[in-house]
Number of protein chains: 2
Amino acid sequence: MAQPVNFGPLAQQPAYRLVSEKIRHAIISGEIEAGELLPTETDLAEQFGVTRSTVREAIRLLEHVGILGRADRKRLVVTRPCTEAVGRSVSSAMLMHQVTFEELWQVAMGLEPLAGKLACLSATDAEKQLLADNLVRTREVMADHDALLEAEIDFHNLVAQATHNSALLLARAPLNELFYPAWGAVIRALSPGERILVAHQHIYDAICAGDQGKAEEWMEKHMRDFRRGIEMGNLGFDQPVQG
Amino acid sequence: MAQPVNFGPLAQQPAYRLVSEKIRHAIISGEIEAGELLPTETDLAEQFGVTRSTVREAIRLLEHVGILGRADRKRLVVTRPCTEAVGRSVSSAMLMHQVTFEELWQVAMGLEPLAGKLACLSATDAEKQLLADNLVRTREVMADHDALLEAEIDFHNLVAQATHNSALLLARAPLNELFYPAWGAVIRALSPGERILVAHQHIYDAICAGDQGKAEEWMEKHMRDFRRGIEMGNLGFDQPVQG
DNA sequence: TGCTGACATATTGTCCGACAATATGTCAAT
DNA sequence: ATTGACATATTGTCGGACAATATGTCAGCA
């Protein structure tokens, strides 16, 4: 019996996608470097042989992920997606998936201790100084819940940056956007400022001493505190986080 | 002395961004559910009081991240961004940041053992069966490098899915896109099929037995094998991965 | 010289209208 | 019930147009 021929759907992409892919490829392959200016929309339209509208749609496709930004709200510029841009898009996805605080916490348990551990190996003096400054500031604003939350988020960002690991920085981006903000409710409910500070202090000490085990251990403790705080405050540990 | 008034730059967003944000918000807030069809472009244009072109640009803005997709290449539909879409955008970011294999490996060391551990708690029988099937297939295609790589990637995806943790699934999405493909070179160079299979087998056993420690430990061993493979093959452990 | 202001130019954001290709729905004919 | 013809709806693409704004140029003036 002759097999029925299966042609499969010939997926011809709309032009704006093709153009978008071409630009994306040119950027990723390094043909256009970060910081460089893109040709004008009219130029691109000519080069690709399509209309400006099409080019614009292609550009929008790349804009939201942060590959393209604008230098001065006029000329388009190739940018390396900042962690915030990545965080935004991943966070959207997580929100739509109704990610619970517990799920986020588990991810944080995987990444934050790792960040602490790695920071021990690669933190520069300047970065240690920034951490020290953060500790001082944290102590100062202990009473102000909003400022405290901000300092807390900053601290973890600084630790992550001290790892000099961009992949880690990007992977934990959604934590900044969703996990720590949710933590704000705990701060308002339980005022755990002192406890936060102690943990941060130990983590800082460990990083300065290059003690990977201690950094990891205290980051884990710190994360477990988060969890306990959410549970004690009855703040919906197993509820979907909200943006 | 009177403080000089600081007006700050009034950031008026272009209309296509406002429209995009409105749609995004409507989606995230659940006003429009996933799977639901969006109004037609002409409708949206009328509702927002802008032109269709503007609406289209707004839509493109959301399309690349996977919030919007098309049902049948015609009607637009609200979709929850699949891990591939998220993986794509995060991967782009990582590529532009010249992420090295070592950096990715470190992230994998944070996430994959965690996935193994969590899978022990939540894997269903169906998921265990899928893992078992994967083991069989892996043994079958051991000689075919491409198929082996595919089976390898599948295995780790299955483990991750067995955690039922969407946040983890999304966070590790770029690994699928960048980390494991890079591993392909090792497979071709060293043919470590047997070694892969042994690790997978132990991980599978641990998950079936609910033995978190063993799952975590073997996943770590497995990851360390990756690292050693890259190093032994002199395949650029500290070089930027390429898409 | 060095600064200011007027002017032309370039570029983006937005609008309008148009058409082709394609999917969907309707209805008659078989 | 299936088929085919036809009208309709929707998206993809095109072309042109204009306002707002940033940039560059250049004369004029202290």
Side-chain angles (χ1 to χ4, degrees), chain A residues 4 7-27 32-79 85, chain B residues 7-24 26-27 32-79 85:
Chain A
F7 284 107
L10 49 87
Q12 77 167 331
Q13 301 260 340
Y16 64 85
R17 285 205 189 182
L18 296 178
V19 172
S20 156
E21 266 315 301
K22 281 244 183 190
I23 296 179
R24 175 168 178 263
H25 191 267
I27 291 177
I32 317 179
E33 282 183 19
E36 210 169 322
L37 288 167
L38 223 58
T40 67
E41 297 175 352
T42 333
D43 274 356
L44 288 173
E46 267 185 49
Q47 291 181 32
F48 287 113
V50 296
T51 347
R52 197 160 74 93
S53 322
T54 307
V55 169
R56 283 177 65 83
E57 292 192 36
I59 288 175
R60 296 302 159 255
L61 224 37
L62 301 175
E63 191 176 320
H64 197 269
V65 241
I67 295 184
L68 288 181
R70 42 188 53 50
D72 47 38
R73 141 152 135 244
K74 206 70 185 229
R75 293 293 291 274
L76 270 170
V77 66
V78 180
T79 68
Chain B
F7 285 105
L10 48 87
Q12 81 165 329
Q13 301 257 345
Y16 64 86
R17 287 204 189 181
L18 296 178
V19 172
S20 156
E21 267 315 301
K22 282 244 183 191
I23 297 180
R24 185 181 115 109
I27 292 178
I32 318 178
E33 281 182 21
E36 209 168 326
L37 288 167
L38 223 58
T40 66
E41 297 175 353
T42 333
D43 274 355
L44 288 172
E46 266 185 50
Q47 291 181 34
F48 287 113
V50 296
T51 345
R52 196 160 73 95
S53 321
T54 306
V55 169
R56 283 177 66 83
E57 292 191 34
I59 288 175
R60 296 304 158 252
L61 224 37
L62 301 174
E63 189 177 320
H64 197 269
V65 242
I67 296 183
L68 288 180
R70 40 189 57 49
D72 48 40
R73 146 151 132 245
K74 206 71 185 225
R75 294 291 291 273
L76 269 171
V77 67
V78 180
T79 67

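A note on names: the letters A, B, ... follow the listed sequences, proteins ahead of strands, and every chain is numbered from 1.
Between A/Phe48 atom CZ and D/dT13 atom C1' the separation is 16 Å, expressed in whole Å. One atom, CG of B/Leu68, and another, C1' of D/dT11, lie 14 Å apart when rounded to the nearest Å. As a whole-Å value, the separation of B/Arg52 CZ from C/dC19 P is 14 Å. Atom CD of B/Glu46 is separated from atom C1' of C/dC16 by 14 Å (rounded to the nearest Å). The interatomic distance linking A/Leu61 (CG) with D/dT13 (P) rounds to 12 Å, in whole Å. Note: CG (B/Leu44) to P (D/dT10) measures 11 Å, nearest angstrom. The distance from atom CZ of B/Arg17 to atom C1' of C/dT14 is 15 Å, rounded to the nearest whole Å. As a whole-Å value, the separation of B/Leu18 CG from C/dG13 P is 13 Å.
Contact detail for B/Gly66 and B/Ala85: the closest heavy-atom pair is CA-CB, 4.0 Å.
Note that CG of B/Leu62 is 7.5 Å distant from CD of B/Glu21, once rounded to the nearest 0.5 Å.
Here A/Arg60 reaches the OP1 or OP2 of C/dG13: one of its side-chain N or O atoms lies under 4.0 Å away. The phosphate of D/dG12 (OP1 or OP2) has a side-chain N or O of A/Tyr16 nearer than 4.0 angstrom.
Each of A/Thr51 and B/Asp43 lies near DNA chain D, and the nucleotide nearest B/Asp43 is the one positioned closer to the 5' end.
Checked against C/dT14, D/dG12, C/dC16, the side chain of A/Arg56 finds its nearest nucleotide in C/dT14. Side-chain atoms of A/Glu41 lie closest to C/dT12 of the nucleotides D/dT13, C/dT14, C/dT12. Distances from the side chain of A/Thr40 to the nucleotides C/dT12, D/dC14, D/dG12 place C/dT12 closest. Comparing C/dC16, C/dG13, D/dT13 against the side chain of B/Pro14 picks out C/dG13 as the nearest.
Of the candidates A/Arg56, A/Arg17, A/Glu57, A/Glu63, A/Glu57 is the only one forming a side chain to side chain contact (heavy atoms under 4.5 Å, CB included) with B/Arg60.
Across all strands shown, A/Thr54 has heavy atoms under 4.0 Å from sugar-phosphate atoms exclusively, and none from any base.
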Task: Verdict with reasoning, A/Ile23 to A/Leu61, per side-chain contact (heavy atoms from CB on, under 4.5 Å) - done: CA-CA 10 Å; A/Ile23 296 179; A/Leu61 224 37; over 6 Å; no
Task: Candidate pair B/His64 and A/His64, rule side-chain contact (heavy atoms from CB on, under 4.5 Å), full reasoning - done: CA-CA 8 Å; B/His64 197 269; A/His64 197 269; over 6 Å; no
